[in-house]
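Comments concern the structure below.
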Amino acid sequence: MITFLPDHTPDFQRFRAYEKENETGVCTYRVEGYRMIFLSMECDDDIAAEGLARAAMNSAANSNAYLAVISKELFRPAFARLGFKNEDGSFVEIPEALAGGCSCQHK
């Protein structure tokens, strides 16, 4: 089972993914007003990356963020399943992205 735990600082927020006691990924983001901006995604497992992105967007939404933004450099299949496009400055509305069920059962 994968666990996602927050690790926030005053300058940015982060979620870490753990499988048992081993860290398997890190997602760093920043909330600026109604936007959250993904800064990095370090995770080799695509399903865990989707879970990290969902945890980050949910946390950002709890801080009143409505839009999630990524750069083209961060794009990966996990983000595509959440509704992002493979273009620079792609964004999604967080409630819409989170409304779709987790794609964990899909290959």
Side-chain angles (χ1 to χ4, degrees):
M1 182 164 111
I2 300 174
T3 304
F4 304 104
L5 298 176
D7 177 17
H8 299 334
T9 73
D11 297 323
F12 58 85
Q13 292 81 32
R14 183 179 328 165
F15 269 86
R16 297 180 184 274
Y18 293 92
E19 192 159 6
K20 298 185 181 174
E21 67 276 346
N22 300 320
E23 184 176 284
T24 59
V26 178
C27 173
T28 306
Y29 63 98
R30 182 176 59 239
V31 176
E32 295 179 352
Y34 67 91
R35 297 181 327 148
M36 67 136 349
I37 302 163
F38 283 98
L39 301 174
S40 68
M41 176 66 78
E42 301 166 25
C43 187
D44 293 332
D45 181 86
D46 196 53
I47 297 302
E50 182 179 345
L52 282 167
R54 285 177 175 277
M57 286 192 292
N58 186 58
S59 178
N62 288 335
S63 297
N64 297 320
Y66 184 75
L67 295 176
V69 181
I70 62 165
S71 65
K72 189 172 187 170
E73 294 80 31
L74 290 181
F75 188 82
R76 59 193 323 168
F79 286 112
R81 289 191 302 275
L82 292 168
F84 289 95
K85 307 292 183 223
N86 189 8
E87 57 191 41
D88 210 22
S90 181
F91 68 92
V92 295
E93 294 178 359
I94 294 171
E96 279 187 23
L98 296 178
C102 181
S103 62
C104 298
Q105 304 304 317
H106 302 277
K107 295 282 179 186

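All heavy atoms count here, side chains included; hydrogens, waters and symmetry mates do not.
- Each of I37 and V31 belongs to its own hydrophobic cluster when Ile, Leu, Val, Met, Phe, Trp and Tyr are linked at side-chain heavy-atom distances under 4.5 angstrom.
- Under the 4.5 Å side-chain heavy-atom criterion for ILVMFWY residues, no single connected hydrophobic cluster contains both L39 and I70.
- Atom CZ of R16 sits about 11.0 Å away from atom OG1 of T24, to the nearest 0.5 Å.
- Under the 3.5 Å distance criterion, the side-chain polar atoms of D46 are matched with a main-chain donor or acceptor of A78.
- Criterion: ILVMFWY side-chain heavy atoms under 4.5 Å apart, direct or through other members. Under it, Y29 and F4 are part of a common hydrophobic cluster.
- A distance of 9.0 Å separates OG1 of T28 from CE of M41, quoted to the nearest 0.5 Å.
- Every pair passing ring pair (Phe, Tyr, Trp, His ring centres under 6.0 Å) that includes a residue from residues 40-96 is listed here, sequence neighbours excluded: F38-F79, F79-F84.
- Minimum heavy-atom separation, A49 to C43: N-SG, 3.7 Å.
- Contact annotation: the side chain of H8 approaches that of S59 to within less than 4.5 Å [non-hydrogen atoms, C-beta and beyond].
- Each salt bridge (Lys or Arg N to Asp or Glu O under 4.0 Å) pair with one or both residues in residues 24-33, not counting sequence neighbours, appears once here: R30-E32, E32-R35.
- When the side chains of ILVMFWY residues are joined at heavy-atom separations under 4.5 Å, either directly or via intervening members, Y34 and V69 end up in a single hydrophobic cluster.
- Considering all non-hydrogen atoms of both residues, A61 and I94 come closest at CB-CG2, 3.9 Å.
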Practice task
I would like to know whether D45 and E19 meet side chain to side chain contact (heavy atoms under 4.5 Å, CB included); could you show each step before the answer?
Solution key: CA-CA 11 Å; D45 181 86; E19 192 159 6; over 6 Å; no
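- Smallest separation of non-hydrogen atoms from A17 and L52: N-CD2, 3.7 Å.
- Y18 and V26 are members of different hydrophobic clusters when ILVMFWY side chains are connected at heavy-atom separations under 4.5 Å.
- By the neighbour-count criterion of 12 heavy atoms within 6.0 Å, atom CG of D44 is sparsely surrounded, having that number or fewer from other residues, nucleotides or ligands.
- Remark: R54 CZ to L82 CG distance equals 5.0 Å, nearest 0.5 Å.
- One distance of note links CG of L74 with CD of E42; it measures 10.0 Å at 0.5 Å rounding.
- Applying the salt bridge (Lys or Arg N to Asp or Glu O under 4.0 Å) test to pairs two or more places apart or on separate chains, none has a residue in residues 84-93.
- Here the CG atom belonging to L98 is positioned 4.5 Å from the CE atom belonging to M57, to the nearest 0.5 angstrom.
- Taking CD1 of I47 as the start and CZ of R81 as the end, the distance is 4.5 Å to the nearest 0.5 Å.
- Under a 3.5 Å cut-off, the side chain of S63 and the backbone N or O of A65 do not form any donor-acceptor pair.
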